[in-house]
Amino acid sequence: MAERTARRLRPRGMDDLGLRRALGDRMLPVLVAAMSFLAALALAGAVAAASLAAHWQEGAASSVTVQIPRPEISLPRRADGGEETRLEAVQRILRTSADVASARVLTTRELSDLLRPWLGVAADNASLPLPAVVEVHLAQGADADLLNLALADVAPGTLTESHGLWVGRLSVLAQSLQACGWLALLLVAAIAAAVVMVATRAGLAARREAIEIVHGLGATDGDIAGRFARRVTRLTFTGGLVGALAAVPVLAALIQMAAPFMSGQEASVWSTDPLAVLAIGRPIWIALPAMPVVAGAIGFLTAQGTVRRWLRKLP
């Protein structure tokens with residue numbers, strides 16, 4: 001009852017421990033804002049790595065390259081009496097196969113562009129007999145080995161090259177990038193907690209006499225720790241909010257730069273509607289509002305633990 005009466009008689013907003021002077025509203029929010037900004041970038045990196053890798057792996061896993069040596073040579077007459085070249089026979093199999101979603105024969109110009117890194121300008125006038133190359137996109141659940149056998153049966157020597165090796169490499173790269181992003185996020189959170197701990201200890205040292213007097217008059221550890229925690233929570237929440245807002249234009253620019261490397265549909269949407277960045281980076285925008293809340297939670301828990309440990313050492 002006496003404690004409730006004292007609280008009613010205390011003026012609203014009274015700072016009897018002098019926490020506004022001990023925990024200033026400048027340095028700590030600025031440091032937390034910087035940590036929140038870095039955390040947003042780390043989170044964006046982890047999410048972007050996962051998203052881009054998923055798009056790349058999906059495209060690589062569903063596409064194969066078919067090489068047809070001597071594509072112009074005619075094959076023996078078919079049962080219906082017609083003739084077809086090796087290339088036409090391969091195209092017929094690809095058109096009728098349920099495992100193939102689409103197939104496109106690369107033009108001579110495209111073949112020259114592929115050879116230019118090795119042959120230079122001579123690739124445009126190369127007199128070498130080049131195989132025909134068909135870019136094939138497989139249907140979901142297709143078996144590339146069976147398709148390879150069918151093509152080799154109608155046109156012996158035809159090679160089907162899958163991108164399994166690149167899929168594996170992309171998977172390892174994606175996992176590495178995600179691990180780096182989450183590790184950076186944890187590191188930023190640990191540094192933010194350390195900053196809050198140092199600031200709280202500095203505030204305790206600055207108000208040591210007042211805290212000892214209040215504690216000697218009967219104030220509980222929970223009451224004193226709660227006052228510090230509320231003050232620190234407000235400061236860290238403010239810093240986290242500022243850092244999250246500062247990260248918005250940077251993240252928008254990064255998503256714009258990454259848009260061409262995403263799936264064709266998302267890239268085309270971005271090119272026609274710049275506001276599509278809100279949809280492309282949906283996981284990031286969902287997580288970004290949580291930054292101030294997480295910063296406030298780190299500040300509250302760290303301040304509570306720091307103050308309670310310090311109070312236990314008082315005589």
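Hydrogens, waters and symmetry mates are skipped; everything else that's a heavy atom, side chains included, is used.
Using a 4.5 Å heavy-atom threshold, the side chains of Leu288 and Val248 count as touching.
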I would like to know whether Val307 and Arg227 meet side chain to side chain contact (heavy atoms under 4.5 Å, CB included); could you show each step before the answer? CA-CA 10 Å; Val307 174; Arg227 295 189 192 184; over 6 Å; no
Would you sort out whether Val134 and Ile68 count as a side chain to side chain contact (heavy atoms under 4.5 Å, CB included), showing the intermediate values? CA-CA 8 Å; Val134 183; Ile68 311 161; 3.9 Å; yes
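Minimum heavy-atom separation, Pro71 to Thr85: O-CB, 3.3 Å. Closest approach of Arg86 and Pro156 over heavy atoms only: NH2-O, 2.7 Å. Nearest approach of Asn148 to Thr158, heavy atoms of both residues: OD1-O, 3.9 Å. Shortest non-hydrogen contact noted between Ala303 and Ala229 is CB-CA, 3.8 Å. Considering all non-hydrogen atoms of both residues, Val100 and Leu94 come closest at CB-O, 3.5 Å. Taking every heavy atom of both residues into account, Gly240 and Met291 meet most closely at O-CB, 4.5 Å.
Applying the side chain to side chain donor-acceptor pair (under 3.5 Å) definition to pairs two or more places apart or across chains, none involves residues 29-44.
One distance of note links CG of Leu151 with CD of Gln67; it measures 12.5 Å at 0.5 Å rounding. With rounding to the nearest 0.5 angstrom, the OG1 atom of Thr200 is 10.0 Å from the CZ atom of Arg309. Taking CZ of Arg201 as the reference point, atom OG1 of Thr302 lies at 11.0 Å (rounded to 0.5 Å).
Applying the side-chain hydrogen bond (donor to acceptor under 3.5 Å, both in side chains) rule to Glu135 yields the partners Arg104, His137; only residues at least two apart in sequence or on another chain are considered. Annotation: side chain to side chain contact (heavy atoms under 4.5 Å, CB included) contacts of Leu185 (sequence neighbours excluded): Ala39, Ala42, Leu43, Trp182. In this structure Gln304 satisfies the side-chain hydrogen bond (donor to acceptor under 3.5 Å, both in side chains) test together with Arg308, sequence neighbours excluded. Evaluation of the side chain to side chain contact (heavy atoms under 4.5 Å, CB included) rule for Leu41 yields Phe37, Val250, Leu251, Leu254 as partners, not counting sequence neighbours.
Not one N or O on the side chain of Ser97 forms a donor-acceptor pair closer than 3.5 Å with the backbone of Ile93. Between the side chain of Arg95 and the main chain of Ala103, no donor-acceptor pair closer than 3.5 Å is present.
In the hydrophobic clustering of this structure, Ile191 does not group with Leu301; members are Ile, Leu, Val, Met, Phe, Trp, Tyr whose side-chain heavy atoms approach within less than 4.5 Å, directly or through other members. The hydrophobic clustering, which links ILVMFWY residues whose side-chain heavy atoms are closer than 4.5 Å, places Val196 and Leu31 together. At a threshold of 4.5 Å between side-chain heavy atoms, the hydrophobic network of Ile, Leu, Val, Met, Phe, Trp and Tyr places Phe237 and Met197 in two separate groups. The hydrophobic clustering, which links ILVMFWY residues whose side-chain heavy atoms are closer than 4.5 Å, places Val195 and Val242 apart. Both Val154 and Val64 sit in one connected hydrophobic cluster of ILVMFWY residues. Membership requires side-chain heavy atoms under 4.5 Å apart, directly or through other members.
Residue Val294 belongs to a hydrophobic cluster whose other members are Ile298, with links defined by side-chain heavy atoms closer than 4.5 Å.
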